[in-house]
Amino acid sequence: MHPYNRLPSSGHSTPSPPSSPLRSPRLRHGRSKAGKFSSGGKSLAQRLSWMLLSVLLRRQGIFLFAPLIYISGMLLYMGTASFDVVPIIKHRPAPGSIYRSPQLYANLQHDMDSDNSSADAISTIWKSPYRGGEWKPCVNRSSEGLPESNGYIYVEANGGLNQQRTSVCNAVAVAGYLNATLVIPNFHYHSIWKDPSKFRDIYDEEYFIDTLKNDVRVVDKIPEYLMERFGSNMTNVHNFRIKAWSSIQYYRDVVLPKLLEEKVIRISPFANRLSFDAPPVVQRLRCLANYEALRFSSPVLTTGESLVERMRERSAINGGKYVSVHLRFEEDMVAFSCCVFDGGKQERQDMIAARERGWKGKFTKPGRVIRPGAIRTNGKCPLTPLEVGLMLRGMGFTKNTSIFLASGIIYNAEKTMAPLLQMFPNLHTKETLASEEELAPFKDGCYRLHCLSS
């Protein structure tokens, strides 16, 4: 029977059309083989590709495994690839981070040697720098008396000769500002310089005390009745470990109360322990100490004046004028800078040994990273003798200029001094100007020997 349509039509019912006959499974299978996905006449690889594509299209969820399949394929590939040859990535150093002065000198040497210019900076550099005439001192000594002292300050000046001189000037400024009595500074014995010199060996102690008498009280020792409180032992005196470049306000707020309480205090070490940024009253005392009160002791002064006279004689071609250059290329200076020059493996070994000898453990602390390239880029490397020579020639000094070399023992001098001597053959040192007998009294202390060059 045909199904009955219950929807009314044009007054009578219409039977449904008969359903299509079922297709034979065999016929459907045959069509599938000959239809869209038929692989007849194709290679095995093509058949497999079509089959894989067919599966993927029918099972779209398999795409979730695509990343896993990709990673597995990469791992299989890497397992078969050879990594014996590792690609080399060349790092280009930053400009100015490598010592290239020898190459620069090689490019300029021919032009410098053939330069016959008559203009010489030696003839113009001593002209008056301004229209006002000669320079005049701006620091005057006080003529008034001093109020009662707040106590005694004892300092240990550490470092080299320049650092010690700066420490003395700072000590005078601090003592004057705190209305304290300054004990003649003690020079710290250092493992590098190994100089036992005392203040009086280098400077005129009596002149120093007399020059400052109306500005700062200075004595050569602390009264015994005060030292008895500390067992006559300076190490028992309260010692301030002051940070470098501390302000003068720190001394007023922190040091002065302890000074008033104890009447004797000690500051060690004292190099660079006062900020350069200080009020005029402090700067005045600094200048007074440096330019007026600090005068070399008689032996140093006499020998130094003799060296100056001999340099003028050897500079007759330039009217007795010469240039004094203080090279800072001693081994300790090069080691402390942590800069790299052109000495290769030997230089590296020398600097490591010098740093450990002079500053045990300071440069090998855990976490400390030394970047020689960055140090050079920041302009913190000492100038080599070659670079000093290039600078002087660039300033207009010709090879006829007389040079007095004021310095200690130059590191690897045979190599590093050669280009400077080529640029300035008329170069002299205290050793070339004075006899061994004249220098003998100063060789037991390198500070006094260095004073001859100052």
For the pair [X] and [Y], find out whether any cationic side-chain nitrogen is under 4.0 Å from an anionic carboxylate oxygen.
{"X": "Glu331", "Y": "Arg357", "answer": "yes"}
{"X": "Arg328", "Y": "Glu330", "answer": "yes"}
{"X": "Lys198", "Y": "Asp201", "answer": "no"}
{"X": "Lys415", "Y": "Asp342", "answer": "yes"}

Measuring from atom [atom1] of [X] to atom [atom2] of [Y], what distance do you get when rounded to the nearest 0.5 angstrom?
{"X": "Leu178", "Y": "Ser149", "atom1": "CG", "atom2": "OG", "answer": "10.0 Å"}
{"X": "Gln422", "Y": "Met417", "atom1": "CD", "atom2": "CE", "answer": "11.5 Å"}
{"X": "Tyr152", "Y": "Ile222", "atom1": "OH", "atom2": "CD1", "answer": "8.0 Å"}
{"X": "Leu307", "Y": "Met311", "atom1": "CG", "atom2": "CE", "answer": "10.0 Å"}
{"X": "Ser246", "Y": "Leu274", "atom1": "OG", "atom2": "CG", "answer": "8.0 Å"}
{"X": "Ile370", "Y": "Cys338", "atom1": "CD1", "atom2": "SG", "answer": "4.0 Å"}

Tell me if the [atom1] atom of [X] is crowded by more than 12 foreign heavy atoms within 6.0 Å.
{"X": "Glu228", "atom1": "CD", "answer": "yes"}
{"X": "Arg252", "atom1": "CZ", "answer": "yes"}
{"X": "Lys258", "atom1": "NZ", "answer": "yes"}
{"X": "Arg371", "atom1": "CZ", "answer": "no"}
{"X": "Asp277", "atom1": "CG", "answer": "no"}
{"X": "Arg368", "atom1": "CZ", "answer": "yes"}
{"X": "Glu144", "atom1": "CD", "answer": "no"}

Is [Y] close to [X] at the side-chain level, that is, under 4.5 Å between some pair of heavy atoms?
{"X": "Leu390", "Y": "Met112", "answer": "yes"}
{"X": "Tyr251", "Y": "Ile242", "answer": "yes"}
{"X": "Pro102", "Y": "Leu386", "answer": "yes"}
{"X": "Thr364", "Y": "Glu356", "answer": "yes"}
{"X": "Leu182", "Y": "Leu212", "answer": "no"}
{"X": "Pro382", "Y": "Phe341", "answer": "yes"}
{"X": "Leu161", "Y": "Arg165", "answer": "no"}
{"X": "Asn400", "Y": "Ile122", "answer": "no"}

Would you please test Arg200 and Glu206 for side chain to side chain contact (heavy atoms under 4.5 Å, CB included) and show each step?
-> CA-CA 9 Å; Arg200 64 171 61 249; Glu206 288 73 21; 3.9 Å; yes
Donor-acceptor contact below 3.5 Å, side chain [X] vs main chain [Y]:
{"X": "Asn179", "Y": "Glu148", "result": "yes"}
{"X": "Arg286", "Y": "Cys169", "result": "no"}
{"X": "Glu347", "Y": "Gly343", "result": "yes"}
{"X": "Arg284", "Y": "Val139", "result": "no"}
{"X": "Asn158", "Y": "Phe270", "result": "yes"}
{"X": "Asn233", "Y": "Thr235", "result": "yes"}
{"X": "Arg217", "Y": "Leu146", "result": "yes"}
{"X": "Asp215", "Y": "Leu285", "result": "no"}
{"X": "Gln109", "Y": "Met423", "result": "no"}
{"X": "Asn214", "Y": "Ser142", "result": "yes"}

Of the non-hydrogen atoms in [X] and [Y], which two are nearest, and what is the gap between them?
{"X": "Ser407", "Y": "Ile410", "answer": "OG-CD1, 3.5 Å"}
{"X": "Val216", "Y": "Ala180", "answer": "CG1-O, 4.2 Å"}
{"X": "Leu294", "Y": "Val168", "answer": "CD2-CG1, 4.0 Å"}
{"X": "Thr401", "Y": "Asn318", "answer": "CA-ND2, 3.9 Å"}
{"X": "Cys339", "Y": "Arg376", "answer": "CB-NH2, 4.1 Å"}
{"X": "Pro425", "Y": "Lys399", "answer": "CD-O, 3.3 Å"}

Between [Y] and [X], do the side chains contain a donor N or O and an acceptor N or O under 3.5 Å apart?
{"X": "Gln103", "Y": "Asn107", "answer": "no"}
{"X": "Glu292", "Y": "Thr211", "answer": "no"}
{"X": "Ser232", "Y": "Glu224", "answer": "yes"}

Per ring pair (Phe, Tyr, Trp, His ring centres under 6.0 Å), Phe336 is matched among Tyr411, Phe363, Phe329 by Phe363
Which of these passes ring pair (Phe, Tyr, Trp, His ring centres under 6.0 Å) with Phe296: Tyr203, Phe442, Phe208?
-> Tyr203
So which of Leu420, Val323, Val388 actually passes side chain to side chain contact (heavy atoms under 4.5 Å, CB included) with Ile403?
->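 Result for side chain to side chain contact (heavy atoms under 4.5 Å, CB included) with Ile403: Val323.
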Would you please test Leu405 and Leu327 for side chain to side chain contact (heavy atoms under 4.5 Å, CB included) and show each step?
-> CA-CA 7 Å; Leu405 188 63; Leu327 273 180; 3.3 Å; yes
Measure centre to centre between the rings of Phe397 and Phe424, then say whether the value is under 6.0 Å.
-> no
Could you walk me through whether Ser298 and Asp204 pass side chain to side chain contact (heavy atoms under 4.5 Å, CB included), step by step?
-> CA-CA 7 Å; Ser298 182; Asp204 188 333; over 6 Å; no
Stepwise side chain to side chain contact (heavy atoms under 4.5 Å, CB included) check, Arg393 with Leu108 | CA-CA 11 Å; Arg393 291 300 295 267; Leu108 297 176; over 6 Å; no
